[in-house]
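Because only heavy atoms are used, hydrogens play no part in the values below, and waters and symmetry mates are left out as well, while side chains stay in.
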2 protein chains.
Amino acid sequence: MNDDSILLRRPLGELIAEQLRQDIYNRRIELGDRLIEADLAERFDVSRSTIREALKILEQEKLVLSKARKGTFVCRFTEEDLDELTEVRLIIESRAFVKALTHMEDKDFNVLADILTEMKQEAEIGDWNKLFDLDMLFHQTVVNRCGNVRLVKIYESIRVQIRVYIAHLDRYYTSFNSFYKEHKDLYNVLLKRDAGLVKKKIEDHIEYVEEKLLRNNKS
Amino acid sequence: MNDDSILLRRPLGELIAEQLRQDIYNRRIELGDRLIEADLAERFDVSRSTIREALKILEQEKLVLSKARKGTFVCRFTEEDLDELTEVRLIIESRAFVKALTHMEDKDFNVLADILTEMKQEAEIGDWNKLFDLDMLFHQTVVNRCGNVRLVKIYESIRVQIRVYIAHLDRYYTSFNSFYKEHKDLYNVLLKRDAGLVKKKIEDHIEYVEEKLLRNNKS
DNA sequence: AGTTTTTCTATTGTCAACAATTATTTGAAT
DNA sequence: ATTCAAATAATTGTTGACAATAGAAAAACT
């Protein structure tokens, strides 16, 4: 076993799950790939049981599907999957954002503002990957304040799946700057703390991102 | 290993998870109990790895929480948990029921009708456990037709948790018959296939069941 | 040649044993 | 008696090996 394991206090399986997740984000692992336990065990210098643990975690996040005695495969996301994910995302966020209004304090807004400035920078550089991560962070930051741990967890899982879908797209429809501006607008609406307005805005926002960014990008 | 394992085509871990789930429903295992892998392994005459697999499944369903190196414990549901669960349940069902309207056919309604007649019988006998299982089945049947697999899965998990919460209550507030009647009403509204009406009814229904059945039952 | 059956191989399912960690008990010192 | 420290026991984390299964390759049959 590797010696760093002593430094890291989390179970080994989680660390490996995290690694694999990153690999999927970065397309080192492609959708549809079969993951062979023995190979991964060798690669990470760890026993198969530990790999199995990691795969179970990814399976729970729906990033991977293992069929008994057939092996485990990286989920291949289709447009139908995106439809499903978007629907779930919509009903969760439209609730969570409104509820978050009652819990969010100044420091939370500051965090959002920081994310926005980073977003602006990355928009100028033009790094979609970073932009998506910031997007994820922005939304998660708000949802985290909704006061319902279970809702937060569910959202996390959905968001990761969308992130993977995005990571494996080849082209995007919108410009960097309009992507930033969308979030800036969303932020401004949040500042007003008007429930009705927020509900409408977040719904429009999700629709916007889906339509202008993710749809119709045959490369 | 046990010989039946050849008859059963599912992984052993899943079978054991199912067993444990039932044990929690039937209060053979109490909330807060610690589950010791070695003991379970002996009880089911199976290796610890298999038990670990089962526990991972239950953990994913949030019925059990395992802290690294501290052991795994059956989740102890509080009223706050019920609040959270009810909120998630509400936003999912109010969406799923409306969407199900477009997909439900006659045979689906027949299934519901059958559940209702069974419910009526059990209401006369007075078996809360059976009634709750039928309740679960009723709602799940509709949600299953919403056309979004992910929503269905999420709902399943939430529903199981609520089921456990209910199983560990000592007294209920409402009469058997009004419980049956509530579902009968819900069924009638579904028959009308009016989206707005259904949305309102399912929200009221959930509120009703929570308030009249689950709240304020200090025994 | 094409099809079915058999053999072989790669891979997952399961197990029992060992290592690391946490909890409990014992024993000393004050 | 109480508190702290060391030794002990109980339990989880991890491993490597064996068994069962599915898929591929080879062989036999027509």
| said: Distance check needed: D:dG13 P versus A:E14 CD, whole Å only. | reply: 10 Å

| field | Per A:K70 side chain, nearest of listed nucleotides C:dC15, D:dA22, D:dT14 | value | D:dA22

| query | Do A:R48 and C:dG13 have a side chain to base donor-acceptor pair shorter than 3.5 Å? | reply | yes

| said: Could you check whether A:R163 makes a cation-pi contact with A:Y25, meaning its NZ or CZ is under 6.0 Å from the centre of the six-membered ring and within 45° of the ring axis? | reply: yes

| said: Categorize B:T50 for me: base, sugar-phosphate, or nothing, with a 4.0 angstrom heavy-atom threshold over every strand shown. | reply: sugar-phosphate

| remark: Expected list for residues 29-38 of chain A near DNA chain C, using heavy atoms below 4.0 Å, is A:R34, A:L35, A:I36, A:E37

| What pairs with B:F138 under ring pair (Phe, Tyr, Trp, His ring centres under 6.0 Å), at least two apart in sequence or on another chain? | B:H183

| message | Just the rounded figure in Å: distance from C1' of C:dT11 to CZ of A:R52. | response | 10 Å

| field | Atom pair distance, as rounded to whole Å: CD1 in A:I51 and C1' in D:dG16 | value | 14 Å

| Over how many whole Å does the gap from B:E53 atom CD to D:dG13 atom C1' extend? | 16 Å

| query | Should A:E30 and A:R27 count as an ion pair when the cut-off is N to O under 4.0 Å? | reply | yes

| said: Under a 3.5 Å threshold, yes or no: a donor from one side chain and an acceptor from the other, between B:R150 and A:Q161? | reply: yes

| note | Residues passing the ring pair (Phe, Tyr, Trp, His ring centres under 6.0 Å) test with B:Y155, sequence neighbours excluded, are none

| task | Starting at atom NZ of A:K56, determine the distance to atom P of D:dT14, rounded to an integer number of angstrom. | result | 16 Å

| said: Between P on C:dT22 and NZ on B:K67, what's the gap in Å once rounded to a whole number? | reply: 13 Å

| Which heavy atom of A:H103 sits nearest a heavy atom of A:C146, and at what distance? | CE1-O, 3.6 Å

| task | Choose from D:dT14, C:dG13, C:dA23 the nucleotide whose nearest atom is closest to any side-chain atom of A:S47. | result | D:dT14

